[in-house]
Amino acid sequence: GAVVSQHPSRVICKSGTSVKIECRSLDFQATTMFWYRQFPKKSLMLMATSNEGSKATYEQGVEKDKFLINHASLTLSTLTVTSAHPEDSSFYICSARGLAGEGPKFFGPGTRLTVL
Amino acid sequence: GDSVTQMEGPVTLSEEAFLTINCTYTATGYPSLFWYVQYPGEGLQLLLKATKADDKGSNKGFEATYRKETTSFHLEKGSVQVSDSAVYFCALTKTSYDKVIFGPGTSLSVIP
């Protein structure tokens, strides 16, 4: 079946640096990708929706200048956390949907970000 | 706005016990309903879904029935195993191309 991968699976960085997380659809073209954030023992919070070739749509309260999303191709979307701070430490999960998708069924394995 | 509510747990059961995780939703129209499972340290996997009223989704021994009259989608399994220990999320989408709205998740621990 369809697979979505994320890289890296874990990243530790210093405060003030930027971190890029990749989300790839491995055997289908993802016209839409969703980025979620999950706090410990909490549910997933949708951060933004990105469509290939266009600007991402951010949810209310999510800083678009801090969380840069690029969806340059039908198989790759990236989330860049700029000038990371300890409060950005979280589990980031992407989800991808293809042309015939019914709800975003395919989720990546997640990226654990720790900002020191 | 649209939302999903579920029992938060944690829920601890003995192996072979019966499992019910309650889920109710608030949404206009006719949403599709989902249960996702997240095993420790992993991402989400779709467990089952139902797209219209009275549909029953089932997978791996788990079942849930879409009840529009009670706006519910309770997850059940007749005999849980230790390997079922995970966090379970109830969720909905309004249309095929819409975002997924998740409930808070229910942590399940199954002990031998």
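- Proximity to chain A involves both the backbone and the side chain of B:Phe102, based on heavy atoms less than 4.5 angstrom apart.
- Side-chain atoms of A:Ser43 do not come within 3.5 Å of backbone N or O of B:Gly105 as any donor-acceptor pair.
- The hydrophobic cluster containing A:Phe34 also contains A:Phe91, counting ILVMFWY residues as joined when their side-chain heavy atoms lie under 4.5 angstrom apart, directly or transitively.
- Atom OH of B:Tyr39 has more than 12 neighbouring heavy atoms from other residues, nucleotides or ligands inside a 6.0 Å radius.
- Remark: B:Glu16 CD is loosely packed, at most 12 non-hydrogen atoms of other residues, nucleotides or ligands lying under 6.0 Å away.
- Enclosure of atom NE2 in A:His85 by more than 12 non-hydrogen atoms of other residues, nucleotides or ligands within 6.0 angstrom is indicated.
- Looking at A:Gln38, the atoms closer than 4.5 Å to chain B (heavy atoms on both sides) all sit in the side chain, from C-beta outward.
- If you chain together hydrophobic residues whose side chains sit under 4.5 Å apart, B:Leu47 and B:Val87 never meet in one group.
- Only the side chain of B:Gln38 comes within contact range of chain A, with at least one heavy atom under 4.5 Å from a heavy atom of that chain.
- Cluster membership for A:Ile21 and A:Met47, using ILVMFWY side-chain heavy atoms within less than 4.5 angstrom, is shared.
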Run the side-chain contact (heavy atoms from CB on, under 4.5 Å) test on B:Phe89 and A:Leu44 for me, step by step, so that the C-alpha distance in whole Å, both residues' side-chain angles and the decisive distance to 0.1 Å come before the verdict. CA-CA 9 Å; B:Phe89 294 92; A:Leu44 283 75; 4.0 Å; yes
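- Contacts between residues 50-77 of chain A and chain B, defined by a heavy-atom separation under 4.5 Å, are made by A:Glu59.
- No path of Ile, Leu, Val, Met, Phe, Trp and Tyr side chains, each step under 4.5 Å between heavy atoms, connects B:Leu92 with A:Met45, placing them in separate hydrophobic clusters.
- Contact of the A:Tyr36 side chain with the B:Val100 side chain is registered, since non-hydrogen atoms from C-beta on lie closer than 4.5 Å.
- Placement of B:Val37 and B:Leu48 within a single hydrophobic cluster is found when ILVMFWY residues are connected by side-chain heavy-atom separations under 4.5 Å, directly or transitively.
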